[in-house]
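Both counts, for ligands and for their atoms, begin at 1 and track the order of listing.
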Amino acid sequence: MNRNRPFYLFVLGMVAVFGLFGQERDTPNIIFIMSDDHASHAISAYKGLYKDVAPTPNIDRLADEGMLFNNAFCTNSICGPSRAAILTGKYSHQNGFYKNEGGDPFDSTQETFPKLLQRDGYTTAVIGKWHLWSEPTGFDYYKYHTLNGEQGSYWDPVYNDNGAHIQEEGYATNLTGDFALEWLEEKRDKSKPFMLMFQFKAPHRPWYPDSKYEKLFDGVEIPYPETFNDDYATRELTAGKTMMTIEKHLTNKDLKIRRPKGMSDTEFKKWQRLGDKGEHVSPSDTLTGMALKKWKYQRYIKDYLACIRSVDDNVGRLLDYLDKSGLSKNTIVVYTADQGFYLGDHGWYDKRFMYEESLRMPFIIRYSGKVKAGRKNDNTILNIDFAPTLLDMAGLRPPKEIQGKSFAPLLFNTDKTGFRKAMYYHYYEYPKWHSVQPHYGIRTERYKLIHFYYDIDVWELFDLEKDPNELTNVYDDLEYEEVVKKLKRKLSRLQREYKANIPLERMRAVTDKGRIEY
Ligand code: CA
């Protein structure tokens, strides 16, 4: 028996080591679901305008079983830059991806949270929208949308499947759902914990719903947002100068207006784009004025919400799969979007501005048995916080270079104050698309101060408590003189903290690089 003693000691030792290790270190699976342009006010768990007419029961289920953040904000409200900020945990001026148009591809040699997880023994995948121009790194498997500037296509989309370009047959949202389930069930290395980025193309413009949902809202009049007829008084040079209005800037293609008879294919392509620069577009000669604006809104919002129905269905498919396969318990599930969106708010579609509707992102997280169900949190969190938070939850220490900070403590305790008092924002792309002037700014719980600096010099201040819809710029109001001074000091402090205190000329150069004129 003595001969076996060392072996028993060895086994005991291993049990002790792994037992301790197991106690110290959780390696939860992570599914990061991100849709494109899905505003939080179009998710019924957020109780927005559409909660009754267009509910999202499966995303709501995540909120019921997890935690919902009311004040998750984007640091640069546009597709690619938000994705780069999420992957790196850094602002655009640190990760180098500032714009969708005319900038450099994402520098894929830099550190990202998928790479850190992969190096730590996770198997990783990204399926769906990528939109960063360089090949994904840090993933064992990828399958992402190509064509249309990496936006992909709603129907019969082409995917880059680990390097092979494959055209698939069907509707993009459902296909992306199929491929995610296929990876989870068949393709992943089941001996490892996993991290999946499950990223829908929908509900991005041009808002093509699945054929089964094309008539989903027929006969229904979708309600109008409070600021639908914003006249941009006190914000004439900024909000008043965009090319993203429901009234004037939706195209024949956006509005699905029927192709006129006798038009050649070349003429048709040109005709489809009409509206982008404010050309008159109408389904009939008699529909004009406010009636036309309302018709355009109904056409737009119905398609947008119908696209979301398919996203919600596919979130449901995933949650069902996790339940059936026994993965629900040890899998963190996040639902978010790359930014917010204007759903007729201020008379607009699209995003970009630091104003609330596009600044705010949905953020819902479920970690069954660990994060108490059904809670809501009002702390200010940012897209650059997602990477350090997920690393933290996987037991990894976020690298120092990351500018965001982990909000994991907010998930596990009830302390709701003091996480972040003010956030910094910076948008660069101009004039294409939509003519939104580059700007940076600060948002505190009470105020928002913005500087539009490219070829105008305009400051705006909003008192979010008195004016939550941001209709009145009070920057020049003497009553707010002290507030402005304080906010400017805070803004400078944040710029220094984030190494963003660079001269305006350099900021303008970022916009000018590869600039595409209308
Ligand atoms: Ca987007």
- Query: Using 4.0 Å as the upper bound for N to carboxylate O, is an ion pair formed by R235 and D230?
  - Reply: yes
- What is the name of the N/O/S atom in D37 that sits closest to the Ca ion (ligand 1)? OD1
- Measuring to the Ca ion (ligand 1), does S82 have an N/O/S atom at a distance below 3.0 Å? no
- Please determine if the Ca ion (ligand 1) has an N/O/S atom from C79 lying under 3.0 Å away. yes
- Taking the six-membered ring of Y98 (Phe, Tyr or Trp), confirm whether the NZ or CZ of K513 is under 6.0 Å from its centre and within 45° of its axis. no
- D36: its N/O/S atom lying closest to the Ca ion (ligand 1) (atom name): OD1
- Task: Give the atom name of whichever N/O/S atom in D338 sits closest to the Ca ion (ligand 1).
- Result: OD2
- Identify whether NZ of Lys or CZ of Arg in K241 sits under 6.0 Å from the centre of the six-membered ring of F452 and within 45° of that ring's axis. no
- Item | Centroid-centroid under 6.0 Å between Y171 and Y208 rings | no
- Between D37, D350, D276, which is the residue that forms a salt bridge (charged side-chain N to carboxylate O under 4.0 Å, His left out) with R205? D276
